[in-house]
Amino acid sequence: MTTDAEIPTRFDHKAASTKWYAQWEEAGAFRADVDSPKAPFVMVIPPPNVTGALHMGHALNNTIQDIYARYRRMLGFDVLWLPGTDHAGIATQNVVEKMLAKEGVRRDDLGREEFVRRVWKWKEESGGTIVGQLRRLGASCDWSRERFTMDEGLSRAVVEVFVRLHADGLIYRADRLVNWCTRCRTALSDIEVEHEDRNGAFWHVKYPFADGAGFLEIATTRPETMLGDTAVAVHPEDERYRSLVGRDLILPLLGRRIPVIADAYVDREFGTGAVKITPGHDPNDYEVGLRHKLPVIKAFTDDGRIAAGIMEGASSDLRARTYVGKKVLACRDAVVDDLQAEGLLIRVEEIRHSVGHCYRCKTVIEPHLTPQWFVKTGPLAGPAMKAVEEGRTRIVPEQWSKTYFEWMRNIRDWCISRQIWWGHRIPAWYCRACDGANMTSVSTGTNVESRDEAEPMYILSSHATPIVSAARPDRCPRCGSIDLIRDPDVLDTWFSSALWPFSTLGWPDRAPEVSRYYPTSLLVTGFDILFFWVARMMMMGVRFMGDVPFRDVYIHALVRDAEGKKMSKSKGNVIDPLHVIDDHGADAFRFTLAAFCVQGRDIKLDEKRIEGYRNFVTKIWNAARLVLTEPRPASSTIHPSTFSPEDNWIRSRFARCVTEVRRSLDAYELDKASHSIYHFFWHEFCDWYLEIAKPRLREGDPAAGGVAREILESSLRILHPFMPFVTDELAERMGGTSILDRADFPVAGRIFESDEALIEKAISLVTEIRRLRAEFRIAPAEKIPVFLVTSDLPEASRVIIAQLAGVIPEVVAHKAEWHHFASSVASGVEIVIPLEGRIDLEKERARLQEEIRKCEEQIASSRARLGDDNFATNAPADVVSATRSTLLEREDRLRKLRELFANL
RNA sequence: GGGCGCGUAACUCAGCGGCUAGAGUGCCACCUUCACACGGUGGAAGUCGCAGGUUCAAUCCCUGCCGCGCCCACCA
């Protein structure tokens, strides 16, 4: 028997979480079992970056997953929740580069091999801190199956997919104008560019005609790009310019001779209607250039400086030389100054325009013409779309499927090559013997080695012919040479992420896990990576596994601060989940996140709400203290006939709660599930049941003791997915084992309608009497007589009223001759509290009069509705009959109120 | 430019054709009663963004407008 002294008033969340997590892990409670006879339930974690630390987004995402993992385990499934981390190519390379910079070392100084070795070293020593942080959240991942995207097995999957897609013609290498980050010095895919509206300027510049007769006015937001201009375009039907097409202009500053061309791409309404064409630096201009066979000048270098290429066609290279090597922005100033000096600048207009930034380092993105590897996405997108259309994968909330379709329909080829060193290196080689013409030897670093694992020694043109192969080929299949060099690029991180649902299970090997656990059951993720990740997993899964990667995708909101702003370090509005866990405990935090999970709305996280749910944890704790402190009933089997109405009422209410929680969880409505539990436990079990049952509990009544324990214990089980620590701690104190180990999520029991009605009537009477007491300032301790005018009030109700309203209730069938009383009507019962000498009769008359007036108003509205023939004809029968009975109740209430008023 | 979403109590949000529009927090009053003051009891508080329309009936459906947020998009 546990005594009060052994249970402290407050739950020690720190001690409990440490203790229980260790115990769960030791017991292997999170492990999936491939040989289990149970049905599998599978989730793969959205792998956080190895460089990452737990933020609110992770906390929300993993809390949701853990709730489902624990829920499904309790439903009897063999749950596999597979954890792991992502190598996060650019992000991780940046972190390590920054670290090296502190030692004054650049990656080029180390060379490729050594640099990659250092990244691995960093990963082993400081990477993956988030994995420990997930444990503090309570995440029940199967850690024995933790994966990393650069693991040997996963890397084999990457190579396999690459080789097969290439063989199928779905991966190709070509020259394209790609998004280039001049700081990361790599290409990015389209979705890795973040567009933002910025204030900018629109420079209007004179482009003089070659024959000296006048000029054309050109407007540009990027004057420095004119150094790469090779034409000016006008619309073919633009009357203003029609006669000028075919004439030549002299490009200001450089003196390059460029033609005026006609192309329908030009928007006559915008700017001056004449557009400078820079094929080497604008995707549209590139297309125009192709159509008109314009020369392409690469005006910028990899690191965002002006390239020597601008001197091509220049009349004098003296001026051009002053630009070469300048940073883009510096060059812009120089160009503008020079134009001004030459009188070629007409005016400067203010303009707001969209500017692309690198999603990793926020540097302005420059279009850059380079050979890159692409995935031809069209043939992959079709089947991936169809899978969702056919319902093989369900997206929740459904509205996101529209976004998904929209993106898939407009999908463009995916640039997958990155010019960095950390990542899966592209499995392609080039033969120096027969393909040497397409390579330009360059010396980049200090310790260039002859092996292909060293840093790139060659610039490979788009004409170079790659030999794609899972392993390094022994010799060139064309000429037999052994002089092969490997493609220096690595793959986009998201390429390996796209394979995560099957690469983590052992594919391409025939692992038993692959057949048992694929497709996974549920993917929980934020909408911010719908395109980056979800869509690509769909494409790859359908392509390589012949089935969708997951049955359900639950897309949750983003966590914002209390004002609704995105949390960011620079804004200083970041709430650290680990601090929250320290302060309030993981249970309270998790419950808060679940309660906030309203579909389709962002989460504004206010720490006050966490405090509120921390109080809920304390409430649970104290309710358990009450129940456990009272004597344990002697017998564990209680005969149903000994249950009193309140016992059946609470069992019935719990049954309804269970039904609602299961329904909500199955529908991914975590807010509803958590609210149901919260309301049931606090406002029904604690506020009413325990208060009603207290005297019986003290007496050691077996029914009350049994029911209190039963409901408490079941509540702990239904709460466990949300609050794993406090529930296990209490379950143990109740003499049970960890809830995690038991496949026994509560099942809805019987509903006792008549007991529900009885207790609810008692509750409404208690509430009304309390209200009157408060209104007439009757001291809480004072026991006063109360007359209840009714012919039908069970003894049980009378007892409850006496106990909870602190009154001496007297049930009378007919009203007597009272004169000084406070009164009301609740549940059809007239309540009369004699207050001789303590009541202002005038005030009470006025109060009752007001009650009567309100009641009359309601009756009038009910009557008006029922009096309308159209209502009776058109409204459904149940609505009509419900309106009728409401009217009857109101009329009854009015009658009673009037009687009371007449007697006063 | 296209798409999605949101405007309901002081705040954060539920509800989404038919009860007297709900909850949590905050606020006010009373209560240190033997689980819990991280508590209990009671209370005040809403023209359901605005204007039309559909309907017997609209916070809910439709249209327009106003305000806010997000995503996508190659107008230099």
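All values derive from a computational prediction rather than experimental measurement. Sequence lines set the chain letters: A, B, ... in the order given, protein chains first and strands last, and positions in each chain run from 1. Scope of the values below: all heavy atoms of this structure, side chains included, with no hydrogens, waters or symmetry mates.
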Mind calculating the distance between [atom1] ([X]) and [atom2] ([N]) to the nearest angstrom?
X: A/Asp602; N: B/C71; atom1: CG; atom2: C1'; result: 12 Å
X: A/Ile603; N: B/C70; atom1: CD1; atom2: C1'; result: 15 Å
X: A/Phe596; N: B/A14; atom1: CZ; atom2: P; result: 10 Å
X: A/Ile610; N: B/C38; atom1: CD1; atom2: P; result: 18 Å
X: A/Leu866; N: B/A57; atom1: CG; atom2: C1'; result: 12 Å
X: A/Ile529; N: B/C71; atom1: CD1; atom2: C1'; result: 15 Å
X: A/Glu850; N: B/A44; atom1: CD; atom2: P; result: 12 Å
X: A/Leu605; N: B/U25; atom1: CG; atom2: C1'; result: 14 Å

task = Give a yes-or-no answer on whether the side chains of A/Tyr613 and A/Asp587 include a donor-acceptor pair shorter than 3.5 Å.
result = no

message = Between A/Glu194 and A/Tyr359, is there a side-chain donor-acceptor contact under 3.5 Å, judged purely by atom types and distance?
response = no

With a 3.5 Å cut-off and heavy atoms only, can you find an N or O donor on one side and an acceptor on the other between the side chain of [X] and the base of [N]?
X: A/Asp868; N: B/C56; result: no
X: A/Arg614; N: B/C38; result: yes
X: A/Lys619; N: B/C36; result: yes

Could you work out which one of [options] sits closest to the side chain of [X]?
X: A/Pro780; options: B/A35, B/C70, B/C31; answer: B/C31
X: A/Glu691; options: B/A76, B/C36, B/G24; answer: B/C36
X: A/Arg10; options: B/A35, B/G18, B/A37; answer: B/A37
X: A/Trp682; options: B/C56, B/G39, B/A35; answer: B/G39
X: A/Arg777; options: B/C56, B/C30, B/C38; answer: B/C30
X: A/Phe270; options: B/A35, B/C70, B/C75; answer: B/C75

Whether [X] contacts [N] is assessed here as follows: a side-chain N or O lying under 4.0 Å from the phosphate OP1 or OP2. Is that the case?
X: A/Asn622; N: B/A35; value: no
X: A/His675; N: B/C13; value: no
X: A/Arg412; N: B/C74; value: yes
X: A/Asn410; N: B/A73; value: no
X: A/Lys608; N: B/U25; value: no

request  = Please name the pair of heavy atoms, one in A/Ala535 and one in A/Trp407, separated by the smallest distance, quoted to 0.1 Å.
outcome  = CB-CZ3, 3.4 Å

Identified side chain to side chain donor-acceptor pair (under 3.5 Å) partner of A/Arg853 from the options A/Glu851, A/Glu857, A/Glu856 = A/Glu857

Describe the nucleic acid contact of [X] in one word from base, sugar-phosphate, nothing, applying a heavy-atom distance below 4.0 Å.
X: A/Lys402; result: sugar-phosphate
X: A/Tyr265; result: base
X: A/Thr767; result: sugar-phosphate
X: A/Asp687; result: sugar-phosphate

remark   = When A/Arg771 and A/Tyr613 are each assigned the nearest nucleotide of RNA chain B, the 5'-most assignment goes to A/Tyr613

task = For A/Val766 and for A/Val627, locate the closest nucleotide of RNA chain B by heavy-atom distance; then report the residue assigned to the nucleotide nearer the 5' terminus.
result = A/Val627

query = Hey, do the aromatic rings of A/His281 and A/Phe300 have their centres closer than 6.0 Å?
reply = yes

request  = Taking only Lys NZ, Arg NE, NH1 and NH2, and the carboxylate oxygens of Asp or Glu, determine whether A/Arg409 and A/Glu406 approach each other closer than 4.0 Å.
outcome  = yes

